[in-house]
Structures are given as C-alpha cells and as structure tokens.
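Below: one structure, written as structure tokens.
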Amino acid sequence: MSGIDLHSGTAVPLDQANVDTDQIIPKQFLTAVTRSGYGKHLFHDWRYLDQHESVPNPDFVLNKPQHKTASILLTRQNFGCGSSREHAPWSLTDYGFKAIIAPSFADIFYANSINNQLLPIRLTDEQVEALFKKVQANADVCIDINLSAQSVSCEELTFQFDIDPAHKNSLIKGLDAIGQTLELGAHIDNYEQSIPAWRQ
Amino acid sequence: MAKNLYEKVWEAHLVHQDGDDCLIYIDRHLIHEVTSPQAFAGLKEKNRKVRRPDKTFATMDHSISTRSLAIDACGPTNALQLRTLAQNCEENGIQLYPVGHQKQGIVHVIGPELGLIQPGMTVVCGDSHTATHGAFGALAFGIGTSQVEHVFASQTLKQGKAKSMKVQVDGKLGLGVTAKDIILAIIGKIGHAGATGHVIEYCGSAIEATSMEERMTICNMTIEAGAKAGLIAPDQTTIEYLKDREFAPKGADWDAAVEYWKTLTSDAEAKFDTEVYLTAEEIKPQVTWGTNPGQVIAVDEPVPAPESMPNDVEKVSCDKALKYMGIQAGQQLSELNVNHVFIGSCTNSRIEDLRAAAVVARLGKVAQSVTAIVVPGSAQVKQQAEQEGLDKIFIDAGFEWRLPGCSMCLGMNDDILQEGDRCASTSNRNFEGRQGRGARTHLVSPAMAAAAALHGHFVDVRQLQGVA
C-alpha cells in the first residue's frame with residue numbers, strides 16, 4: 001500500500017453534523033463481496049434523486065460543478081457515526097477523497113479510515129468554521145496538508161492537528177499492519193500459553 | 001492502585017505494549033456475511049490462515065429473508081454473499097450457524113445464548129452493535145473489515161486505550177418503563193457523540209436490578225452514544241444466566257471461572273474520566289423524534305424547536321431532522337400516525353422483549369392502517385416464544401410472525417419501508433433512510449411499539465390498562 005504525506009487539493013464543504021455511515025453508503029450496496037467500486041454509490045440518498053443513480057440531485061454539494069474535483073471533504077462533528085461498515089471509507093477513497101477534515105470522528109470510522117489510507121484530520125470547531133468560510137467564499141481555494149508536519153494550510157491560515165504517532169507512521173509508510181503484528185508472533189504464542197482453561 | 005473494570009479486562013489481555021501502542025488478545029471473534037468476505041479474500045491474497053478458527057463463530061443474519069429459509073430468497077447478490085460465508089467457514093474450519101440451523105440467529109443474540117460470551121473476555125465482530133456483549137462484563141466492540149482480517153490472522157488487535165466513563169442509574173424504574181428507555185434517556189442526556197473515545201461502565205441500583213436481556217439492550221446501544229464499548233460488572237444474575245450453557249465452562253473450570261468473574265468489579269476508589277448520573281424514577285417511556293438516537297424525548301414531551309438547541313450546528317441538525325421526519329416543533333408524539341411497526345433487532349428481539357410486547361398485543365388488534373411484524377432474534381428465541389404461545393398472541397392480534405434475522409433494522413433483505421412511511425421500531429438507529437429511503441423511524445421499547453401498532457399512533461404505555 002502506498003503512503004500519504006503531502007496532499008494539496010480543493011475541498012467540498014458538507015455542512016452537516018453527525019453524518020452516519022448509512023448516509024455515506026446505504027445498506028443496499030453492502031451485499032457485494034469485494035472492496036472496490038463503491039465510489040459511485042457514495043452518499044447515494046443525498047446525491048441522486050432516483051434509486052438507479054441516473055438523476056443527480058443538483059442541490060447536493062458534491063454535485064455542484066465547482067466542487068466536482070474536490071479531494072478533501074470538509075464537514076462537521078461526529079463524522080462517520082453508526083455502523084462499523086468499512087464500505088464507508090472504501091466509498092470515500094474510491095470517489096477520490098484523500099482526507100477528511102472535521103471537529104470529530106466516530107471511533108470505528110476513524111480506525112477504518114487509517115486502515116484505508118484515508119487521512120482523518122481533527123481540527124477545532126473554530127478552525128473548521130474558518131475553513132468552511134474560505135471554501136464557501138472560493139471553491140477553488142487550495143488546502144495543503146502536510147502529515148509529517150501535522151499541519152493544514154489554506155491561504156494565510158495554518159493549523160496544527162494531533163494524530164497518534166503509530167497512525168501517522170502507518171499512513172506515511174503505507175505499512176501492512178497485519179504483517180507487523182505477525183512479527184510479534186512469539187508474544188502471541190506466549191500469551192496463549194497463559195490463558196486459563198475456562199477462557200479458551 | 002485502584003482500577004476500574006475496563007482497566008482490569010484491558011490489562012488481562014495485553015499481549016505487547018510499545019509506548020501507547022498496545023496489542024490485545026481477542027477471546028471471541030463473531031462474524032457474519034456482510035463484513036467478512038473482503039477479510040477472507042485479503043487473507044487468501046497474502047497466503048495467511050485463520051489463527052484460531054476455534055475462537056471464531058459465524059452466523060447468517062443481515063442479508064437473509066424473514067419469510068423463507070431459502071438462501072436465494074432475497075436475490076442472487078445476497079445469496080452470493082451467504083454462500084461466500086459458508087465457503088469461507090468451510091475452508092477455514094469455522095463453526096457456522098446457517099439459515100435454517102436451530103442455533104442460527106442475529107449474531108448478538110446467539111453469542112450470549114450459546115454461552116460463548118463470558119465475563120472478562122474480549123469480544124469483537126465486524127458490527128458496531130458488538131457492544132451488546134458488554135452486558136456480561138466482557139470488553140466487546142465493533143471493528144472494520146481490515147481489523148476482522150487482522151484478528152483472523154493474529155487473534156489480536158492493535159488498540160489505544162480508551163477513556164473511561166461511569167454512567168450510574170440509581171432507583172427503581174416505574175411500571176411500563178424499560179431498559180430501552182434507560183439507554184435512550186442516557187443517550188438523550190449525553191448526546192449522540194457524548195461518549196466518543198470512551199468505554200462506559202453502567203452501574204447503580206437500577207442497573208443491578210436488570211436481567212441479562214435488559215443489560216444486553218442497554219449495552220447494545222452504547223455505540224449510539226459514540227462509546228467504544230459498554231460494560232456491566234458480572235454478578236449473580238450473570239452467573240445464573242451462563243450456567244450450563246453450551247459453551248460455558250464446566251466442572252472445575254466453571255468454579256475457577258466464577259471465582260475470577262467475582263473479581264471483575266471496579267474497585268471502590270477507581271477513577272473515571274467522566275461520570276454521569278441518572279435517577280430511574282425520572283425516566284419515562286422514550287421516543288426518538290429525529291434522525292439520530294440522541295434526538296429523543298419522553299412520550300409526553302413536545303417535539304423540540306431548533307431555537308432551543310445549544311448551538312448553530314445543533315440548530316441546523318434539528319431543523320433538517322424535523323423536515324425529514326415530517327413533524328413540527330411543539331407537536332405531541334401521540335398526534336403522529338404510524339403505518340409500520342417493527343419488533344425485533346439485536347436491541348430488542350430476545351424472549352423478554354417478545355413477552356413484553358405480547359402483554360400489550362393481548363389487549364387488542366393491530367390498527368387497520370398498520371403493518372406490524374415481529375422478528376425473533378434467533379431460532380432458539382422463536383422456539384421458546386412458540387412454546388409459550390406468544391406467536392399465537394401476536395398472530396391473533398394481527399402481527400406477522402417472522403423467521404429470525406436482522407430484518408427491518410437495516411433492511412438488507414426485503415423488509416424495507418417506502419418513502420414517507422412512519423415506523424415505530426424497537427431497533428437502534430433512526431438514521432435517515434436506515435429502514436428505507438425517505439422512511440421515518442421512531443425508536444421505542446417493545447411495549448411502546450406494540451401499543452403504537454394497536455392504536456395507529458404513539459401512546460403512553462403507562463396509560464394502558466393491564467400494563468401499568
């Protein structure tokens with residue numbers, strides 16, 4: 001898996017709190033057995049006026065011509081709440097998003113994003129509001145993300161963000177998390193030896 | 001140093017620690033058809049094996065019909081997903097409870113029912129409602145498919161330690177008020193994201209008085225407050241529930257287990273990052289009015305107005321929810337006509353839930369304008385209910401009696417609502433479109449759902465004769 005460190009792009013402002021994973025990718029698309037091809041169904045109920053995805057909803061922000069090429073999703077608190085479906089980050093990355101900026105994320109969605117090289121960036125409410133103002137004033141405004149430096153810049157604004165060092169490392173290097181854990185096989189063996197009979 | 005329950009279970013499962021980066025051991029891995037196929041495919045791609053098939057248990061629940069036991073009943077895409085699960089389980093030596101099996105059912109109903117889930121264990125599943133199993137004092141949480149693959153390969157997970165929250169509910173619940181109302185009231189108080197980053201421990205006299213089924217309802221919806229997991233310390237109720245269940249320890253192992261389980265309580269001086277207190281007597285039957293479970297009120301309260309919200313983001317959310325739900329600020333919920341009722345889901349499909357709904361169903365007939373379905377959580381629950389004659393009570397009252405599965409909680413089968421439908425549902429999520437595009441979901445207890453079915457609108461179950 002390739003890593004992510006620097007990214008520059010435009011953002012689409014999704015001005016809504018508590019966007020749940022049922023909205024990101026509704027249940028009828030969860031019957032597939034693959035990881036790919038979910039991008040066209042992203043935000044299905046909001047993005048299309050019909051079930052067959054042939055009539056885009058012109059009022060939905062992702063469909064606005066000025067935001068068509070956005071690679072950063074700018075949104076509000078508690079993004080990705082609800083179901084643990086990893087189809088949510090699969091659909092966001094397949095659509096073309098590289099990063100999501102919000103005041104907070106639901107825990108499972110956050111972990112799923114890290115595991116899919118989708119960078120979740122937590123900024124304060126005020127910082128997110130400032131970015132909303134920038135993007136709403138000018139859709140072409142560029143946002144520069146530097147993961148090594150843990151910074152987000154937009155014109156004269158520069159904000160720092162926190163991220164767990166292990167998550168950062170894994171995103172930058174594109175590491176195989178399972179491969180890393182399997183290197184600790186001896187520790188797992190030892191632990192299993194210590195499990196009492198009733199907890200086997 | 002004094003420790004809380006979460007810290008005790010966490011420390012007992014630490015395999016390796018490097019700074020804040022922890023590797024924890026997983027005792028039980030539950031899987032279903034929706035979130036496992038890509039994980040099995042990933043394993044195969046890398047030529048890896050399931051490390052502990054003996055600690056991995058599978059069921060079919062999400063994509064199945066509740067009208068037919070045929071695997072093809074919901075079309076070829078669902079059938080392929082179900083067959084893929086069966087094949088993956090066979091290739092990897094994993095116990096599967098397929099459609100039609102006498103132990104099949106919703107993953108979070110059968111795990112406890114089989115005695116697979118025990119105090120002090122770690123339990124994961126590619127499903128956010130894995131939080132249910134915290135009812136046993138097990139650290140149980142939902143994971144994504146990449147993590148499912150990680151557990152397959154290593155029987156461990158990389159985790160950071162969460163913060164801890166104590167939610168104490170003291171007192172005695174009023175008649176007609178249930179565990180569902182407790183958890184909805186908690187979510188209403190702390191908010192839909194109020195416990196993000198935390199593991200909750202539920203305690204207090206009202207929690208201690210609950211049955212295992214009720215504890216499962218409470219812990220199930222922990223995720224709807226954003227928490228990673230919810231825990232209830234094991235006690236005599238837990239021990240009695242587990243005794244003699246299929247996968248519970250036996251003989252000397254049972255004695256050793258019980259002795260250990262009794263140590264699984266938070267120490268008196270244990271610290272929590274956050275503490276929340278509720279009084280049971282103040283909790284009334286709850287109904288959600290909006291599009292997330294935090295948007296909830298007591299049945300006798302008016303629907304709130306956007307202006308009453310604490311900030312602009314909440315105001316916008318409230319306004320959008322009212323529009324989607326087709327209701328107005330100030331309206332009484334009893335004015336709302338419902339045309340669908342769903343009794344089921346991993347939140348409320350266990351035997352006690354069906355008994356509570358049947359007490360109300362006995363009082364009348366489902367209103368002409370309402371379609372009402374009862375979906376037992378498992379084949380064993382269904383059998384038990386039929387032995388008690390509950391199926392007859394429901395059918396006589398005009399409810400449909402279905403086969404076990406997740407059903408209309410999320411509608412991955414044909415149990416879906418149409419645009420504009422309004423549903424009183426015992427499930428866990430009232431998200432936009434959750435039960436069908438444009439459909440409106442109100443979360444309630446089984447008794448409140450059954451009462452709405454009879455009256456065609458919400459009623460306060462406490463005012464029904466024969467209930468309270």
Side-chain angles (χ1 to χ4, degrees), chain A residues 15-18 20-23 26-28 30-35 44-46 51 76-78 81-90 103-109 111-112 115-116 125 164-167 176-182 184-185 187-188 190-192 195-200, chain B residues 15-16 19-21 23 25 27 34-35 37-38 41 46 48 51 62-63 77-78 80-81 84 118 120-121 126-128 142-147 149-150 153-156 158 160 192-193 196-197 226 228 249 253-254 256-257 260 292 313-314 316-317 320 410-412 429 431-434 437:
Chain A
D15 194 0
Q16 200 181 322
N18 301 314
D20 58 75
T21 54
D22 277 81
Q23 295 316 317
K27 69 246 178 197
Q28 63 267 38
L30 308 188
T31 50
V33 293
T34 58
R35 284 177 186 254
H44 169 90
D45 284 5
W46 291 342
Q51 302 278 23
R76 300 291 185 180
Q77 69 200 39
N78 198 28
C81 57
S83 158
S84 63
R85 60 190 69 169
E86 198 161 312
H87 310 69
W90 294 338
S104 62
F105 296 88
D107 293 338
I108 304 175
F109 176 84
N112 287 343
N115 285 330
N116 285 281
D125 285 320
D164 178 282
H167 289 161
D176 167 19
I178 297 176
Q180 283 181 302
T181 295
L182 293 179
L184 297 170
H187 291 274
I188 304 172
N190 286 341
Y191 182 86
E192 284 186 333
I195 299 174
W198 56 265
R199 192 156 63 81
Q200 287 296 334
Chain B
V15 172
H16 186 259
D20 288 338
D21 210 8
L23 192 66
Y25 194 78
D27 294 314
V34 183
T35 54
Q38 297 87 353
K46 291 257 165 68
R48 288 168 179 154
R51 181 181 173 98
H62 283 66
S63 301
T77 319
N78 287 34
L80 173 65
Q81 193 173 59
T84 302
Q118 298 156 26
M121 282 185 163
D127 192 295
S128 58
I143 56 177
T145 296
S146 296
Q147 292 171 309
E149 187 179 335
H150 194 283
S154 69
Q155 203 58 31
T156 65
K158 287 182 178 170
H192 183 38
T196 302
K228 185 166 192 70
D253 286 343
W254 170 261
Y260 176 67
N292 75 57
V313 172
E314 290 296 322
V316 172
S317 282
K320 191 162 184 291
L410 82 169
M412 279 194 68
R429 292 194 171 127
F431 295 158
E432 278 186 37
R434 171 89 175 172
R437 185 176 179 151

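FYI, side chains are in, hydrogens and waters are out, and symmetry mates aren't considered; it's all heavy atoms of this structure. Quick note on labels: first sequence line is chain A, next is B, and so on, each numbered from 1.
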*Pairing of Lys228(B) and Asp107(A) as salt bridge, 4.0 angstrom limit*: no
*Consider only side-chain N and O atoms of Trp198(A) and Gln118(B), and report whether a donor and an acceptor are under 3.5 Å apart.*
no
_N/O donor-acceptor pair under 3.5 Å between Glu86(A) side chain and Thr145(B) backbone_ = yes
*Expected output: side-chain Gln23(A) to main-chain Phe431(B) donor-acceptor under 3.5 Å*: no
*Does the side chain of Gln16(A) come under 3.5 Å of the side chain of Ser317(B) through a donor N or O and an acceptor N or O?*
no
*Going from CG on Asn115(A) to NZ on Lys158(B), what distance comes out if it is rounded to the nearest 0.5 angstrom?*
9.0 Å
*Could you tell me which non-hydrogen atom of Gly433(B) sits nearest to which non-hydrogen atom of Asp45(A), and how far apart they are?*
CA-OD2, 4.0 Å
*Measure Arg434(B) against the heavy atoms of chain A and call it side chain, backbone, both or neither at under 4.5 Å.*
both
*Identify the two heavy atoms, one from Gly142(B) and one from Ile108(A), that lie closest to each other, and give their separation to 0.1 Å.*
O-CD1, 3.5 Å
_Pairs of heavy atoms under 4.5 Å with chain B: top-ranked of Ala88(A), Pro89(A), Ala177(A)_ = Ala177(A)
*Residues Asp22(A) and Arg437(B) bridged, charged N to O under 4.0 Å*: no
*Kindly give the heavy-atom pair with the smallest separation between Lys27(A) and Leu410(B), and that separation in Å.*
CD-O, 2.7 Å
*Could you walk me through whether Arg429(B) and Cys81(A) pass side chain to side chain contact (heavy atoms under 4.5 Å, CB included), step by step?*
CA-CA 11 Å; Arg429(B) 292 194 171 127; Cys81(A) 57; over 6 Å; no
_Would the distance check show the side chain of Arg199(A) and the main-chain N or O of Met121(B) forming a donor-acceptor pair, the cut-off being under 3.5 Å?_
no
*Glu314(B) and Arg76(A) ion-paired at < 4.0 Å*: no
